[in-house]
Amino acid sequence: MNALRARKPRNWPSFSGNAEERASSALSRLEDMSRLVSEVIWEIDKAGALVFVSKRCTEVFNLLPQQMIGKKLTDFGTFYGSDDAEKEPDWSLPFRDHLFKIENKDGSVRSYMFNGLPHFDKDTWQLMGVYGTAEDISEKLEANKQLRMLSEIIEQNPSMVFVTDLTGTIEYVNTMFTTMTGYTKEETIGQTPRILQSGLTPKAVYEDMWAAILSGQKWQGEIQNKHKDGRVFWANLTVNPIALSSKTINHFVAVHEDITERKLAEERLTLAKEQAEIASKAKSEILANTSHELRTPLNAIIGFSSSIKNGIFGPLNNPAYDDYIDIIKESGEHLLSLINDILDVASLEASQIHLYTDTFKLIDVLESSLRLVLPRAQQADITITYPNIDKNLYLCADERRIKQVFINLLSNAVKFTAKGGSIVISATLEQDGGLTIAVTDTGIGMDEADITKAMTQFGQVESDHTRKYHGNGLGLPLTQGLVELHGGTLHIDSQKGTGTTVSVQLPKACVAEFAGLEI
């Protein structure tokens, strides 16, 4: 027995001695134990004055024990009840989680949680004091506030959100989840996202998703999910791996944005585009075929009317026939011009116009085009000049199409210019090597609405001139198409009552390298 008797450790407190010594020893033990906990240990007497505060108060309250002993807790801060109103604890009853706030000199507020236990005289049962603990919960309250805010954000999120563990078992869903899927929270918690799979999303998509999130990467993609009642909906899915207390992934957060309407709109747009392309192609093919069929008899009408007009087989012996023949020939030529323009527009839309590039003088094409519009210009006493065009400027383009551009621009300028007006043609080499050709008239001009209309197929600006010289409304759209086919652009600058300038910008590739040299 003597061998098993434990020796009293050195400095072990003795329980012998008088009451004062025992009290001092107990206080010393209390002080030692208080160092083992993170909370502040405190004690007040029956008058409410502090008789003991552990040294932890220096770290928690930023006060020394000697600064607190003898004072009341309410000298340092305020107690609050559960309704956030000022309320001291009932010191005669045990209490837990009573909020206490201290306002610092800088205006910041720290929050503490107080727990207390009263002690009584064993003979009289009079309250002798209260002892308890105090914990700084400022960071915890702030974290809870942030957590509540984040929880509210997730709950009110217009997208479906759910959280799973590493195996994919669902642990949390927000309110929108039940709206989008039809499943209640009770039906979903403990299940896996497989309950949402429609079978329409390729397996490879899910394999790619798992490979990404298990490696710690975010994954995003579009999938087709299934509602509880079997309806399929499109979702833009984003999955993020979450590591809470360490770098080890332990949860996944999935956010589904319902994009069903967008996908349906895209499908409708794609279908409409395909149908429009088919219709446009069919229209262009019909116009092209019809135009070819019409040109043959028209050429015959024009040719025979010219022969009759010239009296190849003798006179008609009736002056009225001469007028009829003129009308037939003029109408035929007008109709042929319209059909040719329709054919060209249809060919442009069907991408059937091919450029045949050659090198030629710009001045030659311009003068050749002028010979076709000069008779009408001379009838209206309209002056056409081209003072600054270099006679040795060469283009590398489709000569026939450039001539068609000139004819259309000059015809329009003559048509919309009043008697006695003027038309000026210019050609300017730009710094980037390109060429700008401009046709400026002193005609009636156009506003923005007129320009928009003029650039629309079959759109014609109403005026006395258009009523006098009939047009088909295809000149400018066709000209723009031919210019763009060469890689250039067409721009209209016009004002009502002042005149119009139509500029054609051709790229450097359309200007021959030997521009300005005789060949």
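All values reported here derive from a predicted model rather than from experimental measurement. One is the number of the first residue; the rest follow in order along the sequence.
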Open item on the list: If you count heavy atoms of other groups shown closer than 6.0 angstrom to CD of Gln495, is the number above 12?
Closed with: no
Task: Minimum heavy-atom distance between Lys226 and Gln197, given as atom pair plus value - done: CE-O, 3.7 Å
- [ ] Apply side-chain contact (heavy atoms from CB on, under 4.5 Å) to Asp398 and Ile402, showing your working.
- [x] CA-CA 6 Å; Asp398 188 318; Ile402 294 298; 5.6 Å; no
Open item on the list: Treating Asn174 as the side-chain partner and Val161 as the backbone partner, does any N or O pair qualify as donor plus acceptor under 3.5 Å?
Closed with: yes
Task: 4.5 Å side-chain heavy-atom contact, Ile249 and Ile242 - done: no
Open item on the list: When you compare the side chain of Ile451 with that of Thr500, does any pair of heavy atoms fall below 4.5 Å?
Closed with: no
Open item on the list: Give me the atom names and distance for the closest heavy-atom approach of Gly221 to Asn236.
Closed with: O-OD1, 3.4 Å
Task: Atom CG of Asn62 with >12 non-hydrogen neighbours under 6.0 angstrom - done: no
Open item on the list: Whether the Thr501 and Thr440 side chains hold a donor-acceptor pair (N or O, under 3.5 Å, no angle test) is what I'd like checked.
Closed with: yes
Task: Shortest non-hydrogen contact between Val511 and Gly433, atoms and distance - done: CG2-O, 3.6 Å
TODO: Can you measure from OG (Ser111) to CD1 (Ile137) and round to the nearest 0.5 angstrom?
DONE: 6.0 Å
- [ ] Evaluate the salt bridge (Lys or Arg N to Asp or Glu O under 4.0 Å) criterion for residues Glu266 and Arg262: first the C-alpha distance (whole Å), next the side-chain angles of each, then the deciding distance (0.1 Å), finally the verdict.
- [x] CA-CA 6 Å; Glu266 289 175 355; Arg262 192 195 81 192; 3.3 Å; yes
- [ ] Taking the side chain as every heavy atom from C-beta outward, state whether Lys361 and Glu367 have any atom pair closer than 4.5 Å.
- [x] no
Task: Under 3.5 Å side-chain donor-acceptor pair for Thr479 and Asn408 - done: yes
Open item on the list: Can you give me the closest heavy-atom contact between His227 and Thr179, atom names plus distance?
Closed with: NE2-O, 4.3 Å
- [ ] Establish, for the pair Lys185 and Phe177, whether the NZ or CZ atom is under 6.0 angstrom from the six-membered ring centre and no further than 45 degrees off its axis.
- [x] no
Open item on the list: Pairing donors with acceptors under 3.5 angstrom, does anything connect the side chains of Tyr183 and Gln191?
Closed with: no
TODO: Compute whether any side-chain donor of one residue and acceptor of the other, for Glu187 and Thr184, lie under 3.5 angstrom apart.
DONE: yes
Open item on the list: If I compare all heavy atoms of Pro193 with all of Ile170, which pair ends up nearest, and what's the gap?
Closed with: N-CD1, 4.0 Å
Task: Centroid separation Phe162 to His256 less than 6.0 Å - done: yes
- [ ] Report yes if the side chains of Ile382 and Lys419 come closer than 4.5 Å at any heavy-atom pair, otherwise no.
- [x] no
TODO: Determine whether the side chains of Ser159 and Glu257 contain a donor N or O and an acceptor N or O closer than 3.5 Å.
DONE: no
Open item on the list: I need the Phe416 CZ to Ser494 OG distance, nearest 0.5 Å.
Closed with: 10.0 Å
- [ ] Evaluate the criterion ring pair (Phe, Tyr, Trp, His ring centres under 6.0 Å) for residue pair Phe252 and Trp210; output intermediate values, then yes/no.
- [x] CA-CA 11 Å; Phe252 300 113; Trp210 278 106; 5.7 Å; yes
Task: Closest approach of Thr436 to Ser503 (non-hydrogen atoms, all atoms of both residues) - done: CG2-CB, 4.3 Å
- [ ] Spell out, as yes or no, whether a donor-acceptor pair under 3.5 Å connects the side chain of Thr385 to the backbone of Pro387.
- [x] no
Open item on the list: Under 3.5 Å, is there a donor on one side chain and an acceptor on the other for Thr238 and Lys218?
Closed with: no
TODO: Using a 4.5 Å cut-off on heavy atoms from C-beta on, say whether the side chain of Leu410 contacts that of Ser369.
DONE: yes
TODO: Say whether Asp208 and Trp219, considering side chains only, have a donor N or O and an acceptor N or O under 3.5 Å apart.
DONE: yes
Open item on the list: Under a plain distance cut-off of 3.5 Å, with no hydrogens placed, do Arg401 and Gln404 share a side-chain donor-acceptor pair?
Closed with: yes
- [ ] Say whether, by atom type as modelled, one donor and one acceptor occur between the side chain of Thr417 and the main chain of Val414 under 3.5 angstrom.
- [x] no
- [ ] Would you sort out whether Asp432 and Lys508 count as a salt bridge (Lys or Arg N to Asp or Glu O under 4.0 Å), showing the intermediate values?
- [x] CA-CA 7 Å; Asp432 61 359; Lys508 180 180 180 180; over 6 Å; no
Open item on the list: Under the criterion side-chain contact (heavy atoms from CB on, under 4.5 Å), I'd like the reasoning laid out for Val205 against Ile223: C-alpha separation, chi angles, the key distance, then a yes or no.
Closed with: CA-CA 8 Å; Val205 173; Ile223 63 173; 4.0 Å; yes
Task: Donor on one side chain, acceptor on other, Thr489 and Glu484, under 3.5 Å - done: no
TODO: Answer yes or no: is there a side-chain heavy-atom contact under 4.5 Å between Leu237 and Met209?
DONE: yes
TODO: Would you check if Thr181 and Asn225 make a side-chain contact, meaning some heavy-atom pair closer than 4.5 Å?
DONE: no
Open item on the list: As an exercise, state the distance from OG1 of Thr201 to CD of Glu222, rounded to the nearest 0.5 Å.
Closed with: 10.0 Å
